[in-house]
Amino acid sequence: MEREVLEVDILIVGGGPAGMSAALRLAQLQKAKGGEPLSIAVLEKAREAGAHMMSGAVLDPSTLADLIPNFKEKGAPLAAEVSDEHMYFLTAAARLPLPFIPPPFQNHGNYVISLNKFVTWLGEQVEAEGIDFFSGFPGTEVLYDGDRVVGVRTGDKGIGKHGERKGTFEPGVDIHAKVTIFCDGVRGNLTKTLVSRLKLDDQSEPEQYAVGIKELWEIPEGRIRPGAVIHTLGYPLRPEEFGGSFIYGLPNNQVVVGLVVGLDYKDPLFEPHAAFNRLKQHALVKNLLEGGKMVRYGAKALPEGGWHTSPRVYMDGAMIAGDAGAFVNSMRLKGIHLAMRTGMLAAETAFRGVHEGDTSAARLSEYKRRIDDGPVKKELYPIRSVHQAFELGFVPFMLNAGLTMYTKGILSPLKIHAHPGHERMQVLKRYHGREGDLTTVPAASNATATDKTLAFEKLTDVHYSATAHEEDQPSHLLVQTDVCHTRCGSEYGYPCVRFCPASVYEMVDNGSGGKKLQINAANCVHCKTCDIMDPYQVITWVPPEGGGGPQYNGM
Amino acid sequence: MILVVAEQRGGKLNRASWEAIAAAQQIAAGAPVKVAVLGSGVAGVAEELAAAAVAEVVTVDAPALDTYTPDGYVLALKALVDAQAAQAVVFAHTYQTRDFAPMLAARLRRALVTDITGVKGTGADATFTRPMFQGKLAAEVKPQGPAPHLLSFQIGAFRADAVQKGSLPAAVAASGIAVDAGAIRQKPEAPFQEAKSAVDLGQAERIVAVGRGIKAQENIGVVETLARAFGAEVAASRPICDSGWLPMERQIGSSGQTVAPKLYVAIGISGAIQHVVGMKGARTIVAINKDAEAPIFEVADYGIVGDLFEIAPALAAELAK
């Protein structure tokens, strides 16, 4: 097939905080240097900038101040400066305030933001600089010349359900670039293939993940101050489950409520979405939300493993930045500023490399040196083992976290090896003492009744993610195996049905007494949980037709 | 004066036109309303429309309008609107209106508000509610610029039977507008249906919809029998169309069609919000479901908790009596 080829100097894949910051930094470098400008393109799978962006979020503005010093005059949508902070340990019936806020949770000088609004704004800055921003175009394939990355192929459009070409068929475009910066986010579909083909993780520890589930609410006046930040530990999670909640006050009587759950839980019947529902039914949250209205729902995985889990982030012709490179501070619950920082650093190296005519791995390794010599390592190295210690249990985890915190990482194990989260899920027989059976989908062990006012059915929540996909297209969740209906039911009891926060996976009757997997791909909110947590590692998330996905206004 | 543009095809009135008249009567609040109908040989339709309490039914009867073309309609309606000095021109938001109304508005250089679901106030002070972002938001808009403003009303937003009928039939007058066939750039082919089963559920007065409770494709017949007994169209919730048991164009809901029939019978449909947004405008909703907790009962006017395989055939048998 004949494909259009677009030649650019620098290609950025993914228009999140990392990709947008890389693009903006390139525009600045160009301006400062003058002369013939480099050609730069940004690919983004969402229909418009920011549409797939969802986070807590509390922003540490340090990188933003470096990138756009006059960000306030430029109207950066920083919803509220953090005003007051609370931290609680929850039990099912009570809340115990922590006597003090541990330093990593101190947010003075930070801002509560909507990442959706923030990235939409960054996108405006990028477009104002005249950079080509291709929204609605996912990168679906990395293009190589030998082992050198030479660009990315974008997704075909107009392919029907059974792979046939429709009247609207448009083949994807091959974008060739001297340097490609991959900012495709947590469990990025292209970074995943890069890592495996180029063995970028041969020196790294297995990545650890969590999933964040969040709702945006409008609540009666006076319940929470804009900029109020509440974090909780404990209920609805058990000590064996990693995670905690976040509750942030926004202006105009809006509040976000979210729960982060480690994707390394043991109980195959545990359901993150049910835990989120339980959180909202807890008195602390209930008193806040009651009488209010949920306006938006979303879910997104996040990298938790930190420093040692980062893959090699430079190679011939390419670099990896942001969540795709695991640049998240799991202790401070922050990654936006690190995504922005690594995006900027990658842009600087790319710019110089292209001008010098050398974009080899050796030249691009400068990016890694600058990560090591600067604020990124300074922030991530001390907490290198915090998440990994969780595998040893809740108490060792807390002790290690505390020790790390107070010695700034000096008294912390140099490296703890932890298994990939999906390997920690136990089979039913081991965890619940009985095998499952292939004909029934067991209820979640932490199921809670939905009440339609605080706790919603998943499908109702999906509606509020406003996710939409072209209906007539092949499933973008590839499951090529028969373990689903031959083994999974008895071994794990179909955990995909529970870990997916968007009712994508469903086991339906196969007409002969058993079950078969039905993938409701149109419900997908692009969180990547399935690709990460499935115990058999048989689910591959690939981008659907460009433009499909959630619409995370205000998230 | 408010001018309503009714829609007909082959001498058959589109019943959404009544909804447009009801909307116009509400906005007019006593001021005169006129109804226009375009086509070739539309006397019969004009007579039918004359039952409404309106000042006049105006016809634009021209051979060039025999088959709908956007150019033909825009030429005729531009001439008519210029001649009538209306304060507002009202349409039902049908596929045909969607096709020509933007061009008409551009030709007239007048504001167009589409897909209106509600009206506040009357006359020149009226503001209109319309959905935005796939129905996620409802915006209140007030058209700007000189009159007449063009208004198209979502199907089902007003009730056809809310039309005030006149004690005497309204006068029918020919507009005398001629349409030059040479000025029409489109040459329509004979209409065809994409698939034999293609159906415009938006037009159906009664719909029997089936959901996952039907369990297997071979059971769809149960629902089809009931639909025939009601004289209704068959529709479905998403899982049924996903499984290929019924064609996609019969899917109701956020990823299918939005309908507002007089009667909607939901059989074995749990009532997830994705389905409900597509049918909650139905006048009377009857739900049959074995799960008494199913959310469909929250929107249903009549609910039957029980086995659809017993109830649906019994209903069909009763209707056949």
Engineer: Of the non-hydrogen atoms in A/L459 and B/Q274, which two are nearest, and what is the gap between them?
Structural biologist: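 Residues A/L459 and B/Q274, closest heavy atoms: O-NE2, 2.6 Å.
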
Engineer: Please look at A/Q518 and chain B and tell me whether the side chain, the backbone, both or neither of the residue comes under 4.5 angstrom of a heavy atom of that chain.
Structural biologist: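 The side chain, not the backbone.
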
Engineer: Test side-chain contact (heavy atoms from CB on, under 4.5 Å) on B/R238 and A/N520; report intermediate values, then the result.
Structural biologist: CA-CA 10 Å; B/R238 178 176 189 127; A/N520 304 311; 5.7 Å; no

Engineer: Would you find more than 12 non-hydrogen atoms of other residues, nucleotides or ligands less than 6.0 Å from A/F169 atom CZ?
Structural biologist: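 Atom CZ in A/F169 is crowded, with more than 12 foreign heavy atoms closer than 6.0 Å.
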
Engineer: How many angstroms lie between NZ in A/K161 and CE in B/M248, if you round to the nearest 0.5 Å?
Structural biologist: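 It is 5.0 Å, given to the nearest 0.5 Å.
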
Engineer: Looking at A/Q551, A/H469, A/E506, A/E471, which one has more heavy-atom pairs under 4.5 Å with chain B than the rest?
Structural biologist: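 Option with the greatest count: A/E471.
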
Engineer: Within a reach of under 6.0 Å around NZ of B/K142, are more than 12 heavy atoms found that belong to other residues, nucleotides or ligands?
Structural biologist: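 Enclosed.
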
Engineer: Above 12 or not: heavy atoms from other molecules or residues under 6.0 Å from NZ of B/K290?
Structural biologist: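 Check fails, neighbour count at 12 or below.
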
Engineer: State whether the number of non-hydrogen atoms from other residues, nucleotides or ligands found under 6.0 Å of B/R9 atom CZ is greater than 12.
Structural biologist: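 Incorrect, the count does not exceed 12.
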
Engineer: Can you tell me which portion of B/A272 sits under 4.5 Å from chain A's heavy atoms? Options are side chain, backbone, both or neither.
Structural biologist: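 Just the side chain, heavy atoms under 4.5 Å.
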
Engineer: Check whether B/V277 gets within reach of chain A through its side chain, its backbone, both or neither, counting any heavy atom under 4.5 Å.
Structural biologist: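 The side chain, not the backbone.
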
Engineer: With a 4.5 Å heavy-atom cut-off, do A/E457 and B/P295 have their side chains touching?
Structural biologist: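 No. Closest side-chain heavy atoms not under 4.5 Å.
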
Engineer: Counting only heavy atoms not in A/K117, do more than 12 fall under 6.0 Å of its NZ?
Structural biologist: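 Atom NZ in A/K117 is not packed in, count stays at 12 or less.
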
Engineer: Taking atom CD of B/Q217 as the centre, does the number of heavy atoms from other residues, nucleotides or ligands within less than 6.0 Å exceed 12?
Structural biologist: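 Yes, CD of B/Q217 has more than 12 neighbouring heavy atoms, counting only those of other groups under 6.0 Å.
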
Engineer: Please look at A/V295 and chain B and tell me whether the side chain, the backbone, both or neither of the residue comes under 4.5 angstrom of a heavy atom of that chain.
Structural biologist: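 It is neither, since no heavy atom gets under 4.5 Å.
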
Engineer: A quick test of your reading: do over 12 heavy atoms of other residues, nucleotides or ligands sit less than 6.0 Å from NZ of A/K166?
Structural biologist: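 Count over threshold, so yes.
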
Engineer: Going from CD on B/E298 to NZ on A/K452, what distance comes out if it is rounded to the nearest 0.5 angstrom?
Structural biologist: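 B/E298 atom CD to A/K452 atom NZ measures 4.5 Å (nearest 0.5 Å).
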
